[in-house]
Amino acid sequence: MKRKPFTLVLTFLIALIFPLAALAQGEETLSLRLSRDFGYSSGSGDIQGNFSMKATGPDDLARVEFYIDETMIADDSEAPFRVAFTTDSYPQGIHTMAAVGYTSDGRELRSNEIRANFVSAADSQDAMKKIMIPMLGLVFGIMVISFAASFITGRKLKALPPGTPRKYGFAGGAICPRCQRPFPLRVLGMNMLAGKLDRCPYCGKWGIHRSRSLDDLRAAEAAEIERDKAEGTLPEESEEEKLRKQLDSSRYQGL
Ligand SMILES: [Zn+2]
């Protein structure tokens, strides 16, 4: 009687371990990525300039051949497996990039394929101008506004009614971890590894902020209204206020 549950458990464990082992074996793929070193990428597949292909695979990956269409453009036998190329060396139009990897024991791995439309330098410059000119205008505008708002008038932004849709410019917007209000990041804010060093214009908290998605920011704007309704006021307590409260309470405790 007592053996049966044990057999069941064993069967269960085996059933659990085998897929896991299969997952570990699943590392047997070669993944190819394309990255821009210096040049233009429309985001919709048009590229021009200097790009790199990088392949990653299992630990025993020994050699990778890189292809553009049917032509092998490089053969790398040392990690990191990558090759730099310039699109101008190839005819304009759609090209397919791929890689074939070989492990030290001779297994062959085929990568995913990446298709891109190689455009001319003139086309990419036209496209860049179309993007850059309004962008520069916007950047300049935001610079002026953000400097005026956060350096000169400082905390005046507090007067912004809850839920007001903000414009998040070039640097994007962040959500203050303390007061939860969304605010645009300064373009000239100091770039740190994890984000931008900037100061929340509402509560004055300095922090390293990453720009959030527009959906998140809009949700945070909407949340301001909800909080405002729920609490009557927004949770905003400056360092000075906090310090003063602490001083007050310690004074009473001293009595
Ligand atoms: Zn804040």
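The figures here come from the full heavy-atom set of this structure, side chains too, leaving out hydrogens, waters and symmetry mates. Just so it is clear, the structure is predicted and the values come from calculations on it, not from any experiment. First listed ligand is number 1; within each ligand, the first listed atom is number 1.
- Put simply, the side chain of S111 gets close to the backbone of A99: a donor and an acceptor are under 3.5 Å apart.
- At distances below 3.5 Å, at least one donor-acceptor pair connects side-chain atoms of E221 with backbone N or O atoms of R166.
- The distance cut-off of 2.8 Å around the Zn ion (ligand 1) captures these protein N, O or S atoms, sorted by chain and number: C176 SG, C179 SG, C200 SG, C203 SG.
- When the shell of 6.0 Å around CZ of R218 is examined, it contains more than 12 heavy atoms from other residues, nucleotides or ligands.
- No more than 12 heavy-atom neighbours from other residues, nucleotides or ligands sit within 6.0 angstrom of CZ on R115.
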Test log, rule side-chain contact (heavy atoms from CB on, under 4.5 Å), inputs C203 and C176: CA-CA 9 Å; C203 68; C176 173; 3.7 Å; yes
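- Under a 4.0 Å N-O distance rule, the pair D75/R63 qualifies as a salt bridge.
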